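See below for the structure under consideration.
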Amino acid sequence: MANKYDVVIIGAGAAGLMCAATAGKRGRSVLVLDHGKKPGRKILISGGGRCNFTNNDVAAHNYVCRNPHFVKSALSQYSQWDFIGLVCQHGIDYEEREHGQLFCLDSAKDIVKMLVAECDLPNISLRYQTDISTITQRETGFSLNVNGETISCESLVVATGGLSMPKLGATPLGYQIAEQFGLKMVPTTAGLVPFTLHKQDKDAFEELSGIAVPAVITTEDGTSFKENLLFTHRGLSGPVVLQISSYWLPGQKVSIDLLPMLNLAETLIELREQHPNQSLKNTLSRLLPKRLIEVLITRGDITDKPLKQLNHKEFEQLAAYFHQWNIAPNGTEGYRTAEVTLGGVDTDELSSKTMESKKISGLFFAGEVMDVSGWLGGYNFQWAWSSGYVAGQNV
Ligand code: FDA
């Protein structure tokens, strides 16, 4: 009897805890299983320790999913305003940063404490360091072998997250469960991840490591983001690169506008009037970091000479170069540093209103394990809260 629950949730992360609290409040008996030692490990390190827990402006277009409409129902059933309400109810101070991103003022620990407090009901149990060896479908519900013990439940929620940051406990268990029950998968790959560069570019730009510039970055199919670009020892990072990485396909080039705030050709023409003897290098070094200009001259991408020796055509060529700096990434840093996993359980397999499998009654998915990945900016946690809540309402 003690090993029978209405609901078993695999994963005590963002989606699993939200799902447990929601189902528990409905009076369901709930067991949450996690192989780690504590809950919400990704929440704790998120947002530089301050957890960017949601965004003031959340819409379907902030998500990458094969079915762009899938997220709409869950996001409206449990919106950012619902989560902000919960945060306020728990007296957690937060601040708004640029692009509507909401962060804890004090610590991400506040969010984990809040979720654990929400789960503090007599009908909710949390068990850590569990090893799930088998999952079997029964006539009604499922039975699981957990640390050698049999546990049965009516509803099973898979909230095991994605593959990013294996050192924080990421495993493919959720995908294996989907495959075991014959659910289709969208191939997985790292998202919100820095780019690595081909050797020649890496060797040239690694000395710029730490330099950041505002930029607009655009993929070959025209998807574009405007934020900071950061040069690293391995390649390119910064918010603009993380955002575009979720849309970039291997082998493609990206086009980077290194001077999105101005029209370079017009600016150079004006500056030539004012300072005809000034060198191109010194002129450009007033607009962009000097070390970057020096590297581009060393590479032979631009030639230094006094402005008065440059004609209109050359100004246009320089403008084209800096406004459309084309670079072909070699790849990404992969799951080791990625914030999310693109792909996962195919949303065609799931009801967008309940998160239940269309084929297997009683089997639910919540959070990043499915083919839903948000932009940088609190969207991934919002998806975990919304999908976790919806699953919790229907288990
Ligand atoms: P999550 O990964 O949170 O939880 C999955 C749980 O399942 C884990 O507790 C894990 O231990 C457990 N599990 C896995 N395999 C298991 C197994 N075999 N057996 C039992 N348990 C198992 N997003 C955002 O919106 N704002 C932000 O500021 C950040 N910042 C950020 C920083 C970093 C460094 C990373 C890596 C990620 C972010 N994210 C983020 C993304 C965000 O953390 C992520 O999308 C959510 O945590 C997903 O929530 P889930 O509950 O789906 O998975």
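Numbers here simply count residues along the sequence, with the first being 1. Ligands are counted one by one from 1 in listed order, and the atoms in each one are counted from 1 as well. Keep in mind that what you see is a predicted model, and the values were worked out from it rather than measured.
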_Part of A170 with heavy atoms under 4.0 Å of ligand 1, whether side chain, backbone, both or neither_ = neither

_Can you check which of E339, R127, K167, M18 brings a heavy atom nearest to atom 39 (N) of ligand 1?_
E339

*Residue pairs, two or more places apart or on separate chains, that pass ring pair (Phe, Tyr, Trp, His ring centres under 6.0 Å) and touch residues 89-128*: F53-Y94

*ligand 1 atoms in contact with A338 (distance to a heavy atom under 4.0 Å)*: 36 (C)

*Would you please say whether a donor-acceptor pair under 3.5 Å links the side chains of N67 and T347?*
no

*Counting heavy atoms only, name the option from T171, V32, T130 that's nearest to atom 15 (N) of ligand 1.*
T171

*Please state whether G374 comes within less than 4.0 angstrom of ligand 1, counting heavy atoms only.*
no

_atom 51 (O) of ligand 1: nearest protein contact (heavy atom, Å)_ = A15 N, 2.8 Å

*Against heavy atoms of G169, which atoms of ligand 1 measure under 4.0 Å?*
10 (C), 11 (O), 14 (C), 15 (N)

_Nearest-contact summary for atom 3 (O) of ligand 1 - protein heavy atom, Å_ = A14 N, 3.5 Å

_Just to be sure I'm reading this right: ignoring hydrogens, which of I132, N52, D34 gets closest to atom 9 (O) of ligand 1? Compare them by their nearest heavy atoms._
D34

*Starting from atom 34 (C) of ligand 1, locate the nearest protein heavy atom and write down its residue, its atom name and how far away it is, to 0.1 Å.*
I45 CD1, 3.2 Å

_How close do C119 and A20 get, counting heavy atoms only, and between which atoms?_
SG-CB, 3.9 Å

*Just which atoms of ligand 1 are under 4.0 Å from any heavy atom in G11?*
6 (C), 7 (O), 12 (C)

*Would you say the side-chain atoms of E227 pair up with the backbone N or O of G238, donor to acceptor, closer than 3.5 Å?*
no

*Identify the heavy atoms of P194 and V241 that sit nearest to each other, and give their distance.*
CA-CG1, 4.2 Å

*Only one of V193, L242, T332 clears side-chain contact (heavy atoms from CB on, under 4.5 Å) with T337; which?*
V193

*What part of P39, side chain, backbone, both or neither, has a heavy atom within less than 4.0 angstrom of ligand 1?*
neither

*Could you give me the CA-CA distance, side-chain angles and deciding distance for K25 and E118, then say whether salt bridge (charged side-chain N to carboxylate O under 4.0 Å, His left out) is met?*
CA-CA 9 Å; K25 282 181 200 158; E118 287 286 303; 2.2 Å; yes

*Mark up the atoms of ligand 1 that fall under 4.0 Å of a heavy atom belonging to A12, in ascending order.*
9 (O)

*Ring centres of F225 and W375 under 6.0 Å apart?*
yes

*Quick one: which ligand 1 atoms are inside 4.0 Å of a heavy atom on G47?*
28 (O), 30 (N)

*Can you find a pair of side-chain heavy atoms, one from V87 and one from M114, that are under 4.5 Å apart?*
yes

*If you take all heavy atoms of T188 and G344, which pair is closest and at what distance?*
CG2-N, 3.7 Å

*In the protein, which heavy atom is nearest to atom 53 (O) of ligand 1, and how far is it?*
G161 CA, 3.3 Å

*asked:* Suppose I only count heavy atoms of A159 and a 4.0 Å limit; which atoms of ligand 1 are within that range?
replied: 5 (C), 6 (C), 7 (O)

*Name the closest protein heavy atom to atom 48 (C) of ligand 1, giving the residue it belongs to and the distance to 0.1 Å.*
E368 OE1, 3.5 Å

*So is G367 polar-close to ligand 1, meaning N/O to N/O under 3.5 Å?*
no

*Looking only at non-hydrogen atoms, find the nearest pair between Y321 and L296 and report the distance.*
OH-CD2, 3.2 Å

*Is there a nitrogen or oxygen of F381 sitting under 3.5 Å from a nitrogen or oxygen of ligand 1?*
yes

*Looking only at atom types and distance, does a side-chain atom of R28 sit under 3.5 Å from a main-chain N or O of V395, one as donor and one as acceptor?*
yes

*Report the part of Y379 (side chain from C-beta onward, or backbone N, CA, C, O) that has a heavy atom under 4.0 Å from ligand 1; answer both or neither where that applies.*
backbone

*So, the side chain of Q77 versus the backbone of V390: is there a donor-acceptor pair under 3.5 Å, distance only?*
no

*Can you tell which of R50, K42, R41 gets a heavy atom nearest to atom 2 (O) of ligand 1?*
K42

*asked:* Which residue and atom name correspond to the protein heavy atom nearest atom 36 (C) of ligand 1, and how close is it?
replied: M165 CG, 3.4 Å

*What is the closest protein heavy atom to atom 4 (O) of ligand 1, and at what distance does it sit?*
G13 CA, 3.3 Å

_Ring center gap for W385 and F381 short of 6.0 angstrom_ = yes

_Which residue and heavy atom of the protein sit nearest atom 20 (C) of ligand 1, plus the separation_ = H35 N, 3.1 Å

